[in-house]
Amino acid sequence: MIEDSPFVAAAPVLVPMPAERPYTYAVPAGMRVVPGSIVRVPLGPRQVAGIVWDGAVEQVDARKLRPIEQVFDCPPIDRAMRRFVDWVAQYTLSPPGMVARMLLRAPEAFDPEPWIEGLQRTLLVPDRMTDARARVLETAEGGLAWTRSGLAHAAGVSATVIEGLKAQGVFETVMIPPRPVVAAPDPSYAVPELMPDQNEAASMLRANVAAGEFNVALLDGVTGSGKTEVYFEAVAAALEQGSQVLILLPEIALTHAFLERFQQRFGAKPGEWHSDLPPRMREKVWRQVAEGGVRVVAGARSALFLPFRELGLIVVDEEHDPAYKQEDRVFYNARDMAVVRGHIGGFPVVLASATPSVESRVNASQGRYARAVLSARFAEAALPDLKSIDMRRAPPARGGFLSPVLIDHMRRTLEKKEQSLLFLNRRGYAPLTLCRVCGHRFGCPVCSAWLVEHRFRGQLVCHHCGHNERRPEACPECGTLDHLVACGPGVERIAEEVVTHFPDARTIVLSSDIMGGVRRLRLELEAIANGEADIVIGTQLVAKGHNFPNMTLVGVVDADLGLANGDPRAAERTFQLLSQVTGRAGRTGKKSLGLLQTFQPDHPVMRAIVSGDAESFYQREISERERAALPPFGRLAGVIVSAVTRAEAEGHARGLRRAAPEASDLFVLGPAEAPLSLLGGRHRFRLLIQGERRADMQGFIRAMLANGPKQRGSVRVQVDIDPQSFL
DNA sequence: AGCACGCCGACT
DNA sequence: GTCGGCGTGCTC
């Protein structure tokens, strides 16, 4: 590969802002840059880091031209990564500069890590020997360099002793390279004994890695079937052939357990990458990934934009997880972009999930992806019994939300001294508050969603934009005192109900708004795993990969929640979430039970969960999508506009229909139906546009941009299609 | 995305 | 009379 370019007097530089194309900068005499060089350039009043890009420079007014200030002493971004940036920009219809910005997010890492001062034994001996000095000399015997504090600590002496020895010339100062953030993983550290079907899947993945070319495998195995062990074999194979590996995880901040597991297999932790990483660590990881010191990264979606130099495998764990979607600035799905990255880099990608997305299932069944299925055979003993509770036949007591059937099972579980989990995917106390006298409903003044009551905090909170206000005593509309009524349940309200039934049980509520952040959450989860709670009431964060060995009952308070929101993926998402939640019970070998409270026990999702027949559910879902030409069959794109009213959104839709009459299928989803997860901070409507070819779609979107709202920057685009068809 | 410029309300 | 809100425009 030719990375060198002839010396040029001007160079295209991609700067980290919404620039549609690289800007042109002068290259001062004597400065040498190549495509991929990271450079410091003036931009308006400030200095920014940019990347020297490919292609010819654009002719630009000589008065505008400013010089590159500095070329960072940093490995250049390789050609594959540059092509990836262009591809992502083109596919997501975002400015390339914004994509480049995602890979320039460790500003201090562009300068080499400073070497640190170390001490090394000389041939001199100290004038007098003391116990402390003897210990120091013994510790430093091997001739290796030590840091001063490290040596003092290891020898159990104070730094003064070391200083004394150094002053006598017994130690001399040497510069030592910065410590690696993680030790090298060893592929043969603890090779596991695999079950026969695991073995078969692992050989397939190993063969994919050995082939050394782009391919995608969908690793499909129910909870407890040992997926992780299987893809670790692919990781081992990639390490053996000298490649770097990226493992994407949907929410790394809570996956402490994963890092431990990795260490048990490979004898060292993987490099970690996520938004909570302290800045200092961030820089080290970025730099060491670029230099090749870090061989494996476990990271959140943003890790896709790390500057790997020898990337040879990407594993996307829980590939169906919606957390892979980035929904601001550059809209992308990291699972899809991982496939693209593999295609560009010419290496394999593994998608793993117990409940694969419909897109990936279809790609597998059409032969674009290989599929490895791990049967439930070895996990079966650990799977809970699943039943639905028909809420029409077994309704809750007046004012309550828990069916007597569920309460009864909770009582029995308590008597056996085992744990129960109640799952409700709704934070706070009640999702809607209204005045019993005049019917006034509390809406968010900013974005028009209903305000959720948080009783512990005494506040009404908008879950959409974060707006909050004190819960008043009187109705702001009619002024009547004490007639405000809470409608519907949130986890806080369920906790209240639980306490009335089981006043002596240790009850805990887990939701993302607990105080103390991730650390506190991790402690709470540990406490629960240690049996320090009898009843846990939680939102979806309890569904993620945590093991509670004594949890034998899972009750889903409102299994229908999320089915009626008009999202084409509602059924799929609900199935995935319920599978995951009910999987929290029964990791014990004890007899365990999952109960779904539902008004629609015959709904395909409930039937699939209760019967365990995922295959027919997926078949049904696939043919439904095909019939309605929804993804992955229809070429569906969503345009998100900051329309606050339905009328406004309809107006945009009309403009678009005029501009592109062939776009016969165009949906406008209002606030009630639109999946909130897809919408940004402000309350927005979503338009879904279909077209047969990507070119059509882009045409529609351009028309939208041209005919759409006048305000600049108010149109955001989400291209929500499987990129496989565009590779 | 930042950051400056610019034009209208409450105030040390 | 100023300080400061965010609307508009520009960055090689």
Side-chain angles (χ1 to χ4, degrees), chain A residues 5 7-29 31-72 76-77 82 85-86 88-110 275 279 282 286 301-302 304-305 326-332 444-447 465-467 640-644 648 680-684 705-706 708-718:
Chain A
S5 78
F7 180 84
V8 282
V13 176
L14 209 45
V15 287
M17 60 138 199
E20 287 299 336
R21 61 212 144 66
Y23 283 174
T24 304
Y25 283 88
V27 181
M31 180 182 281
R32 198 180 149 68
V33 296
V34 296
S37 296
I38 300 182
V39 293
R40 188 161 56 86
V41 291
L43 182 68
R46 63 217 156 99
Q47 300 264 317
V48 296
I51 310 170
V52 175
W53 218 241
D54 307 78
V57 294
E58 197 175 39
Q59 216 45 51
V60 106
D61 185 347
R63 286 188 311 247
K64 272 189 163 183
L65 207 62
R66 298 168 77 181
I68 293 174
E69 299 276 340
Q70 180 197 351
V71 184
F72 287 103
I77 301 300
R82 300 196 306 271
V85 169
D86 281 334
V88 171
Q90 199 264 343
Y91 180 77
T92 61
L93 300 168
S94 348
M98 286 306 282
V99 183
R101 187 175 174 269
M102 298 195 289
L103 63 98
L104 295 169
R105 297 219 97 170
E108 303 301 315
F110 309 144
S275 54
R282 226 180 149 68
W286 196 96
R301 57 173 186 253
S302 57
L304 211 43
F305 295 93
Q326 170 141 87
E327 290 157 347
D328 61 331
R329 298 182 181 99
V330 179
F331 288 60
Y332 68 95
C444 175
V446 186
C447 64
C465 67
H467 165 87
I640 299 172
V641 286
S642 60
V644 176
E648 211 180 317
R682 302 248 321 272
H683 198 170
R684 285 163 174 160
L705 294 168
K710 286 170 192 62
Q711 220 185 353
R712 250 185 71 209
S714 63
V715 179
R716 290 280 181 277
V717 178
Q718 155 101 29

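Order of the sequence lines sets the chain letters (A, B, ...), proteins ahead of strands, with each chain counted from 1. Computed from a prediction, not measured in an experiment: that's the story for all the values here.
- Among the protein residues, Pro45(A) comes within range of the sugar-phosphate backbone only, with heavy atoms under 4.0 Å from sugar or phosphate atoms but none that close to a base.
- Shown here are the ring-ring contact (aromatic ring centres under 6.0 Å, His included) partners of Phe305(A), two or more places apart in sequence or in another chain: Phe84(A), Tyr332(A).
- Whole-Å rounding puts the Gln47(A) CD to dG2(B) P distance at 16 Å.
- Under the 3.5 Å distance criterion, the side-chain polar atoms of Arg282(A) are left unmatched by any main-chain donor or acceptor of Ala109(A).
- For Trp53(A) and dC12(C), the CH2 to P distance is 19 Å, given to the nearest whole Å.
- When rounded to the nearest whole Å, the span between CD of Glu69(A) and C1' of dC12(C) equals 13 Å.
- Remark: C1' of dA1(B) and CG of Leu43(A) are 10 Å apart, rounded to the nearest angstrom.
- Between the P atom of dC12(C) and the CZ atom of Arg21(A) lies a distance of 12 Å, rounded to the nearest Å.
- Pro12(A) comes within contact range of no nucleotide atom at all, as no heavy-atom separation falls under 4.0 Å.
- The distance between atom CZ of Arg66(A) and atom P of dT11(C), rounded to the nearest whole Å, is 10 Å.
- Distance alone, capped at 3.5 Å, places no donor-acceptor pair between the Arg82(A) side chain and the Asp54(A) backbone.
- The nearest whole Å value for the distance from the CZ atom in Arg101(A) to the C1' atom in dT11(C) is 15 Å.
- Under the salt bridge (charged side-chain N to carboxylate O under 4.0 Å, His left out) criterion, no residue pair touches residues 41-53 of chain A, with sequence neighbours excluded.
- Rounded to whole angstrom, the span from the CD atom of Glu20(A) across to the C1' atom of dA1(B) amounts to 14 Å.
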